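In the text below, chain A, chain B and the rest are named by the order of the sequence lines, each starting its count at 1. All figures in this text were calculated on a predicted structure; none of them were measured in a lab.
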Protein chains: 2
Amino acid sequence: MIISDNLKIYVQKLRSSNLRPTKQRLKICQFLFDREKTFHFTVETLNKKINKNGASKVSLATIYNTVEAFTSAGYLKEILTSKNKSYYDTNIKSHHHFYDEGSKELTDIHYSQIQLSKVPIPPKGKKIKNLEVVIRIQK
Amino acid sequence: MIISDNLKIYVQKLRSSNLRPTKQRLKICQFLFDREKTFHFTVETLNKKINKNGASKVSLATIYNTVEAFTSAGYLKEILTSKNKSYYDTNIKSHHHFYDEGSKELTDIHYSQIQLSKVPIPPKGKKIKNLEVVIRIQK
DNA sequence: TTCCAGTTTAGAATTATTATAAACTAGAAA
DNA sequence: TTTCTAGTTTATAATAATTCTAAACTGGAA
Ligand SMILES: [Mn+2]
Ligand SMILES: [Mn+2]
Ligand SMILES: [Zn+2]
Ligand SMILES: [Zn+2]
């Protein structure tokens with residue numbers, strides 16, 4: 001079901017995340033990366049979608065492990081915005097978000113849409129790891 | 001142990017949060033608000049400190065309930081920065097933070113220390129609820 | 001083809017948080 | 001003051017997200 005060009009890319013992504021290309025992991029890759037547009041998800045939604053139509057099942061543990069490995073390797077971005085649940089993003093370019101507190105959905109804000117004209121210097125010996133803004137919105 | 005001036009303030013804070021001034025809640029107030037400087041905490045650290053030296057105990061449920069009520073009433077600010085735990089701030093003025101991923105500690109950034117010279121318009125029918133920046137730092 | 005380190009998986013464990021329900025109490029009213 | 005009751009406290013159970021475990025399974029090197 002995976003066209004061979006993409007297969008190579010997925011195998012490469014897995015290998016460089018220190019993961020062997022198994023059929024479960026390739027199924028996850030296909031769902032995450034075989035798309036025109038990037039998207040946001042939680043482990044809960046990913047698990048439901050991956051295991052929707054019968055065929056073979058992928059365990060929740062494998063989904064957690066793979067998402068975690070891809071996040072460490074930089075193929076997914078984790079977005080901390082919600083009290084009890086982690087969100088992930090297949091858009092790994094640095095960018096900002098709206099977070100709708102009603103629908104609990106994230107929307108991308110292109111990096112150039114926010115300009116920080118003044119940023120403080122971090123404490124001695126510390127470096128800025130990440131400066132992405134989450135703007136909370138509601139009705 | 002609570003000087004009477006502060007007592008009045010605490011009773012007022014509790015009443016306006018729709019809470020009766022009980023001795024457990026006053027103990028929490030004293031710990032949170034009887035200080036020169038504001039500070040950041042988690043429910044876990046607050047519970048430990050409140051119940052450190054013997055005397056009378058305050059249950060974890062009461063701590064959760066009181067913190068939640070003060071947050072809704074605007075006497076505490078909740079800061080979502082960590083995957084599995086909520087942080088709270090007794091500094092309720094709008095301001096930004098450094099979050100140290102090593103020590104897991106928050107540091108205030110005065111509101112004027114960050115200047116956003118360009119901010120996107122929220123989607124139709126939505127308003128910006130909050131625009132406070134968390135800058136992740138590490139060694 | 002063999003073989004084993006790496007993998008998958010179901011289920012248990014952990015952690016933060018929220019809910020429950022019985023015993024207690026603040027404070028209004030008698 | 002005493003009574004009375006709605007609100008409160010508390011221990012404990014329940015829930016939800018996440019992480020761990022250990023036994024069965026398999027990718028791929030040799
Ligand atoms: Mn939680
Ligand atoms: Mn959790
Ligand atoms: Zn995004
Ligand atoms: Zn602060």
Asks: Looking at B:Asp100 and B:Gly102, would you say the former's side chain and the latter's main chain have a donor-acceptor pair under 3.5 Å?
Replies: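 It does hold such a pair.
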Asks: About how many Å separate CG of A:Leu76 and NE2 of A:His40, when rounded to the nearest 0.5 Å?
Replies: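 These two atoms lie 11.5 Å from each other.
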Asks: If you fit an axis to the five pairs at each end of the helix from C:dT1-D:dA30 to C:dA30-D:dT1, how big is the angle between those two axes, to 10 degrees?
Replies: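 Between the first-five-pair axis and the last-five-pair axis there is 20°.
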Asks: Rounded to whole angstrom units, what separation is found between the CD1 atom of B:Ile28 and the P atom of D:dT8?
Replies: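 In whole Å, D:dT8 P lies 13 Å from B:Ile28 CD1.
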Asks: So, taking the atom named OH in B:Tyr99 and the one named CG in A:Asn130, what distance separates them when rounded to the nearest 0.5 Å?
Replies: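 Separation between the atoms: 13.0 Å.
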Asks: Does the A:Arg136 side chain pair with the main chain of A:Thr81, one donor and one acceptor, at a distance under 3.5 Å?
Replies: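 The answer is yes, because a donor-acceptor pair under 3.5 Å joins these two groups.
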Asks: Separation of B:Lys27 atom NZ from D:dT8 atom P, in whole Å?
Replies: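 Those two atoms, NZ and P, are 19 Å apart.
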Asks: Report yes or no: is the cationic atom of B:Arg35 (NZ for Lys, CZ for Arg) closer than 6.0 Å to the six-membered ring centre of B:Phe33, at no more than 45° off its axis?
Replies: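 Cation-pi check for B:Arg35 and B:Phe33: fails.
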Asks: Please report the distance, rounded to the nearest Å, between CG in B:Asn47 and C1' in D:dA11.
Replies: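 Taking CG of B:Asn47 and C1' of D:dA11, I get 13 Å after rounding.
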Asks: What pairs of nitrogen or oxygen atoms, one from the protein and one from nucleotides 26-30 of chain D, lie under 3.5 Å apart?
Replies:
from   : atom 1 : to      : atom 2 : distance (Å)
D:dG28 : OP1    : A:Arg15 : NH2    : 2.4

Asks: Please say whether more than 12 non-hydrogen atoms of neighbouring residues, nucleotides or ligands are located less than 6.0 Å from NZ in B:Lys127.
Replies: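 Check fails, neighbour count at 12 or below.
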Asks: In this structure, how many angstroms lie between the P atom of C:dT7 and the CG atom of A:Leu26, rounded?
Replies: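 Atom CG in A:Leu26 sits about 12 Å away from atom P in C:dT7.
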Asks: Is A:Arg15 reaching over with its side chain to a backbone N or O of A:Pro21, donor-acceptor style, under 3.5 angstrom?
Replies: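 No, because the side chain of A:Arg15 does not come within donor-acceptor range (under 3.5 Å) of the backbone of A:Pro21.
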Asks: Separation of B:Glu44 atom CD from C:dT15 atom C1', in whole Å?
Replies: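 Roughly 9 Å, once rounded to whole Å.
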Asks: Assess whether a salt bridge exists between A:Lys77 and A:Glu132, defined as any Lys/Arg side-chain N lying under 4.0 Å from an Asp/Glu carboxylate O.
Replies: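 Salt bridge between A:Lys77 and A:Glu132, a charged N being under 4.0 Å from a carboxylate O: yes.
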Asks: Which whole-number value in Å describes the distance from B:Lys85 NZ to C:dT17 C1'?
Replies: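 B:Lys85 atom NZ is separated from C:dT17 atom C1' by 12 Å.
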Asks: Could you tell me whether the phosphate oxygens of C:dT25, OP1 or OP2, come under 4.0 Å of any side-chain nitrogen or oxygen in B:Gln24?
Replies: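 Answer is no, no contact under 4.0 Å.
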Asks: Which of residues 58-80 of chain A sit near DNA chain C, with a heavy atom under 4.0 Å from it?
Replies: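 Those residues are A:Val58, A:Ser59, A:Ala61, A:Thr62.
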Asks: Mind calculating the distance between CD1 (A:Ile50) and C1' (C:dT8) to the nearest angstrom?
Replies: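 Nearest whole value for this atom pair: 15 Å.
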Asks: Any side-chain donor paired with an acceptor under 3.5 Å for B:Asp89 and B:His95?
Replies: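 The answer is yes; a qualifying pair exists.
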Asks: Please check this pair: side chain of A:Ser17 against backbone of A:Phe70, looking for a donor-acceptor N/O pair closer than 3.5 Å.
Replies: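 Side chain of A:Ser17 to backbone of A:Phe70: no pair is present.
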Asks: What is the distance, rounded to the nearest whole Å, between atom CG of A:Asn84 and atom C1' of D:dT19?
Replies: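 Rounding to the nearest Å, CG of A:Asn84 and C1' of D:dT19 are 16 Å apart.
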Asks: Look only at the side chain of A:Tyr87 and the backbone of A:Lys104, and say whether a donor-acceptor pair between them is shorter than 3.5 Å.
Replies: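 Pair found, side chain donor or acceptor close to backbone of A:Lys104.
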